[in-house]
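Note that ligands are numbered from 1 as they come in the structure, with each ligand's atoms numbered from 1 the same way.
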Amino acid sequence: MSRSAWKRISVSLGVLSVLIVVAVGCGGGNGGGGAKIAYLLPENETPRYEAHDRPEFEENVEAECEDCEILYSNATGDASKQQSQAEAALTQGAEVMVLDPVDAKSAAAIVEKAKAQDVPVLSYDRLIENAEVDYYVSFDNVEVGKLQAETLAAKLKEDGSPSGPIVKINGDPADSNAALFKEGSNKGFEAAGVKVAKEYDTPEWSATNAQNEMQQAITALGKNGFEGVYGANDEMAAGSIAAMKSAGVKPEEKPSTGQDATVAGVQRIIAGQQFMTVYKATSLETKVAAEIAVALAKGKTFPQSKITDEPNNGKTKVPSVLLEPVAVTKNNVQETVVKDEFITSGELCTSAYAKACEEAGIS
Ligand code: BGC
């Protein structure tokens, strides 16, 4: 073969190898460029998912990986819808799945499908049970329940009814977190000697269901048969407060708990209708989730030094990052959620709440 022929072959081999490198790079998988990340959230009645988790996750992924693409869906509280959404994301070529399950148990089937296609799964906020989950990012959810109970118990004591009793409106039993909130709050109430007169689990975390439960409790116990209300999140508090109002019970006189620091929840707090909420900085939760998702998309492992826990989900020990929740009452709205810009004073201090904001020192 002539020299020039050899040269032509080696040049084209060179071009070919460049093409191969480019192709591997674009394919996501190990290269990461343009990788598709499925982000599946469970419901949209609780405002956090659309107001915080979704936009903050998008922002944090973008900061880690400019050309990563997010395949987003919200299951609106429907576990079988979530299953189809997850399958659709896999069909569309998702290379990593970040899944906040509607149903912690049935979501194991989604994880199996993902794993069968070598797609790693990050369990987001709620732990998927009995499945080969790769990572878990959430808050210390037992601590959430403990904060709710301790803050309410202290208020009941201050008001002269240290043993309650209270009505307890728990979350959705299909959500693994609901059991953890229950565990933490039951421990907290027990330690403080607060009695629980009536207790309900609330399907789908729906405020309407919570309102019906609270209505039943008031009918059974009488208007004076309870001193406070444990609501597992701000939607549970909203339903309970609505039931109290329609039964002619003043919510200002029955301190209640919540979670998520929703705008409506914090407005009720500054107006004196809800006693407390729990602030969970979703900006941190989504940041860690984005770091892990992008690392997985690029075929890298997330640094072991950042792992804080390793809970067992029934199948495996899941490397986890669990963040710290913060209790919020009227006294610290300004230096927690407002300072962090989780809620702006503009959102909070609408004309109906302007006076309450001023009194609570919110600006
Ligand atoms: C989340 C809460 C939320 C609830 C209802 C829980 O798993 O941790 O923040 O309020 O689900 O969606």
Side-chain angles (χ1 to χ4, degrees), residues 39-54 56-57 73-79 81-82 98-107 122-129 133 136-148 169-185 200-211 213 230-240 256-266 268 274 276-286 288-289 311 313 320-328 337 342-343:
Y39 188 46
L40 302 153
L41 295 183
E43 58 120 328
N44 62 357
E45 193 179 318
T46 302
R48 62 168 284 182
Y49 302 108
E50 297 296 327
H52 290 283
D53 299 82
R54 179 186 186 177
E56 290 164 10
F57 184 72
S73 34
N74 187 311
T76 63
D78 180 340
K81 187 168 172 181
Q82 186 165 60
V98 179
L99 173 59
D100 189 342
V102 174
D103 184 309
K105 291 191 171 66
S106 70
L122 189 169
S123 197
Y124 181 75
D125 199 70
R126 303 176 179 175
L127 184 58
I128 303 158
E129 289 166 18
V133 171
Y136 175 47
V137 177
S138 191
F139 286 82
D140 179 340
N141 293 304
V142 174
E143 181 65 20
V144 169
K146 244 180 102 193
L147 286 178
Q148 292 170 319
I169 309 287
N170 298 308
D172 182 352
D175 172 3
S176 42
N177 283 346
L180 303 174
F181 303 147
K182 216 168 161 173
E183 181 190 329
S185 57
Y200 303 85
D201 290 329
T202 312
E204 288 156 36
W205 284 104
S206 124
T208 310
N209 291 339
Q211 183 169 349
E213 291 160 0
Y230 168 90
N233 75 355
D234 284 356
E235 299 310 298
M236 305 299 91
S240 309
S256 54
T257 70
Q259 168 179 195
D260 289 338
T262 63
V263 173
V266 178
R268 287 190 296 269
Q274 181 177 325
M276 69 85 73
T277 188
V278 176
Y279 166 45
K280 301 189 298 185
T282 47
S283 59
L284 299 178
E285 189 179 20
T286 52
V288 178
N313 74 346
S320 303
V321 178
L322 301 185
L323 303 160
E324 281 306 306
V326 176
V328 175
V337 289
F342 183 76
I343 302 180

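Ligand 1 has at least one atom lying under 4.0 Å from a heavy atom of Lys280. Residue contacts with ligand 1: Phe181 is included, with a non-hydrogen atom under 4.0 Å away.
Using a 4.5 Å cut-off on side-chain heavy atoms (C-beta onward), Thr46 and Asn233 make contact. You'll find the side chain of Ser185 reaches within 4.5 Å of the side chain of Tyr230, heavy atoms only.
The aromatic rings of Tyr39 and Phe57 lie parallel to each other, with less than 30° between the two planes, well short of the 60° mark. Classification of the His52-Phe342 ring pair by plane angle, with boundaries at 30° and 60°, yields parallel.
For atom 6 (C) of ligand 1, the nearest non-hydrogen atom from the set Asp175, Val144, Asp100 belongs to Asp175. In this comparison of Thr262, Thr202, Asp260, the heavy atom closest to atom 3 (C) of ligand 1 sits on Asp260.
Within ligand 1, counting atoms from 1 as listed, the ones closer than 4.0 Å to a heavy atom of Arg48 are 1 (C), 2 (C), 8 (O), 9 (O). Interface atoms of ligand 1 facing Arg126, defined by a heavy-atom separation under 4.0 Å, are 4 (C), 5 (C), 6 (C), 7 (O), 11 (O), 12 (O). Those atoms of ligand 1 with a heavy atom of Glu43 less than 4.0 angstrom away are 5 (C), 12 (O). For ligand 1 and Asn177, the ligand atoms under 4.0 Å from any heavy atom of the residue are 6 (C), 7 (O), 8 (O).
Salt bridge absent: Glu43 and Arg48 never bring a charged side-chain N and a carboxylate O closer than 4.0 Å.
Between the side chain of Gln148 and the backbone N or O of Thr257 there is no donor-acceptor pair closer than 3.5 Å. Judged by distance alone, with hydrogens and angles left aside, the side-chain atoms of Gln259 form no donor-acceptor pair with the main-chain N or O of Thr277 at under 3.5 Å.
For the salt bridge (charged side-chain N to carboxylate O under 4.0 Å, His left out) with Asp175, the lone residue among Arg126, Lys105, Lys182 that qualifies is Arg126.
Of the protein's non-hydrogen atoms, Trp205 CE2, 3.5 Å is the one closest to atom 4 (C) of ligand 1. Asp125 OD2, 2.7 Å is the protein heavy atom nearest to atom 8 (O) of ligand 1.
Contacts of Phe139 with ligand 1, taken as heavy-atom pairs under 4.0 Å, are absent altogether.
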